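By convention here, the first residue in the shown sequence is residue 1. Everything numeric in this text was worked out from a predicted model, so none of it was measured. One-based numbering, in listed order, for ligands and for the atoms of each.
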Amino acid sequence: MKTLEIPYELTVGIADGGGRGHAYANACRRSRLAKKILGFKGGDGWSEGPEDKIVQCFSNIDAADVDKIIVESLNQRVQLLIAGQEIFLANGGADKARDAGMKVLGCSRAAARLESSKVWAKWFFAKYGIPTANFETANSPEEATAIVDYWFLIKKVAALVVKADGLAEGKGVISCFSLAEARAAIRETMVAGPVKKTYPEAGKKVVIEEWIGGPGTREMSSTYFSDGDDLVEMIVGVDHKRRFAEDGKVDEKDNRNTGGMGLYAPDPEYTDDIRRQVRRIAKKIIAGMQKEACPFQGILYLGLMIRNGKVYVLEVNVRFGAPEAQGILALLESDFLELAWAAATGQLALVKPKWKKGKVSVTVTLVTGVYPSPITAEYKGFEITGIEEARALGVEILHAGTKLKDGKFVNNGGRVIDIVAVADTFREAIDLANKAAELIYWQDRDYRKDIGRRALAFAA
Ligand code: AMP
Ligand code: GLY
């Protein structure tokens, strides 16, 4: 039997600046294969983790700065580059790194269109028979308005979704429950408003699609490593996208979507039937991308909605989710770099990840109160206390948006710290994560206290 070919003593670069990148860094630290770990830009808090291997961060190099990352990676003799943030891939980072001789866990710019253009992704789904919400696309506010008028007034839909075409960090999607809301969403995305202001390019085109939600629906995501041919599925976790608990006490309009407020894994509701449907979808995507002459090598994240037992693809991301990476890598028993290297070098058929037996994880994300609104200067820079006390409980603390100021950590973004608790039961993991969350504080810190509650009804 063939065995995996992999160099010992790897130098690994991570193009990410948040909690997902820190989770990668720690997974590399736990690997027997890592010699040196570099973060672009990483974070001040990445030095916190298993002690034996040092992480060096380049705080002046952002994940979007592809050329700078390539130059520094060559200087440092990086052998494997892990793409964390989608912007690195959308900017052609994987192509350039491969041209420069590195192995990359991340797809080409052409393949990254699955995430960087929702219009392209929808076209691809339609062409390759991938189940998705019905949709139309529009190139101007006038065209988009005509579509939503038709959908609400003639087709009599109860709701629809307006999505900016380009990258908007999860903030370019607006669910609309009336014509007035839909027109406002188009204005906000395409003409003037917070989305247009922060992501001026993203809303040049929009997708208008059927709203799939309400009773009988459930959102989940599944993540695959792909080497272009073969696929390996990660454990499936359940993210909590809404800013507040969905207990009916919060006005639907105030309860906006976020990048993710927390996760539990594995998903006890992930049945064999759903797994088969999702695998079929993943295989169709891999085969379709080969046909489009942009084979998909990297991490494929499927954002899914399940309606009455049938799986629909809401979005594809071309990188691990956050907090998915945090909560899922914590359950990986086997060597992360074996998996990453195998995916980056076409050897995925030779590895089978092992997961911690009988363990579950709960990840709680601590945020600055106004998140997901932009975190302007007046909300940043508050000292964070209690990190050490929380860590002493035995949880993994990942820095998503902190920085060091005068030797102390301060908050520096919306999602600030991820707390990952691993335990034998969801009850224990929930209690542990929340206990740790309570210990960490800064002015205005907030978190969802219901992460994982749903899992209690289904499993240990
Ligand atoms: P996307 O970036 O396309 O996944 O959208 C972000 C979030 O918006 C998803 O995670 C869902 O919660 C929600 N969403 C997206 N598309 C739809 C849809 N067609 N119906 C209902 N909710 C949706
Ligand atoms: N947690 C979802 C994402 O990273 O897109």
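- Heavy atoms of Lys118 found under 4.0 angstrom from ligand 1 belong exclusively to the side chain.
- Side-chain contact annotation: Thr223 with Glu324, donor-acceptor N/O pair under 3.5 Å absent.
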Exercise for the section: Just do the side-chain hydrogen bond (donor to acceptor under 3.5 Å, both in side chains) check on Lys122 and Thr137 with the steps written out, would you? Expected result: CA-CA 9 Å; Lys122 281 292 203 178; Thr137 60; over 6 Å; no

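- Of all atoms in ligand 1, numbered sequentially from 1 with element shown, those under 4.0 Å from a heavy atom of Val161 are 17 (C), 18 (C), 19 (N), 20 (N).
- Of the polar atoms of Ser175, none of the N or O atoms is found under 3.5 Å from an N or O of ligand 1, judged by distance alone.
- When the options Ala322, Gly260, Gly321 are ranked by their closest heavy atom to atom 1 (N) of ligand 2, first place goes to Ala322.
- Side-chain contact between Leu114 and Met289 is present, with at least one heavy-atom pair separated by less than 4.5 Å.
- Atom 3 (C) of ligand 2 has its closest protein heavy atom at Arg319 NH1, 3.5 Å.
- For atom 23 (C) of ligand 1, the closest non-hydrogen atom of the protein is Leu314 CD1, 3.8 Å.
- Atom-to-atom distance recorded for Glu115:CD and Cys107:SG is 8.5 Å, nearest 0.5 angstrom.
- Shown in contact with Gly259 at under 4.0 Å from a heavy atom are these atoms of ligand 2, numbered in order with element: 1 (N), 2 (C), 3 (C).
- If you look at Phe320 next to ligand 2, there are no close heavy atoms at all, none under 4.0 Å.
- Nearest protein neighbour of atom 5 (O) of ligand 1, counting heavy atoms only, is Val173 CG2, 3.3 Å.
- The single protein non-hydrogen atom nearest to atom 3 (O) of ligand 1 is Lys163 NZ, 2.7 Å, given as residue, atom name and distance.
- Checked against a 3.5 angstrom limit, the closest N/O atoms of Glu315 and ligand 2 fall outside it.
- Taking a cut-off of under 4.0 Å to the non-hydrogen atoms of Lys241, the atoms of ligand 1 that pass are 10 (O).
- Taking every non-hydrogen atom of Asn317 and a distance limit under 4.0 Å, the qualifying atoms of ligand 2 come out as 5 (O).
- Considering Tyr24, Trp341, Trp355 as possible partners of Phe336, the one that fulfils the ring pair (Phe, Tyr, Trp, His ring centres under 6.0 Å) test is Tyr24.
- Under a cutoff of 6.0 Å and an axis angle of 45°, Lys449 and Tyr447 form a cation-pi pair.
- In this structure, atom 10 (O) of ligand 1 lies nearest to the protein heavy atom Glu219 OE2, 2.3 Å.
- Looking at Asp227 and Gln297, their side chains never bring a donor and an acceptor atom within 3.5 Å of each other.
- The contact set between ligand 2 and Glu324, taken as ligand atoms under 4.0 Å from a residue heavy atom, comprises 1 (N), 2 (C).
- Atom CZ of Arg453 sits about 11.0 Å away from atom CD of Glu246, to the nearest 0.5 Å.
- For the pair Arg454 and Tyr264, the cation-pi criterion (under 6.0 Å, within 45° of the ring axis) is not fulfilled.
- When hydrogens are left out, the protein atom nearest atom 7 (C) of ligand 1 is Asn257 ND2, 3.7 Å; that is the closest non-hydrogen contact.
- A distance-only check finds no donor-acceptor pair linking the side chain of Glu233 to the backbone of Tyr224 [under 3.5 Å].
- Of the N or O atoms in Asp239, one or more lie within a sub-3.5 Å distance of an N or O in ligand 2.
- For atom 4 (O) of ligand 1, the nearest non-hydrogen atom of the protein is Glu315 CD, 2.8 Å.
- For Arg307 and Glu210, the salt-bridge test passes: some basic side-chain N is under 4.0 Å from an acidic carboxylate O.
- Distances from atom 21 (C) of ligand 1 to the heavy atoms of Ile174, Ile212, Val162, Leu167 put Ile212 nearest.
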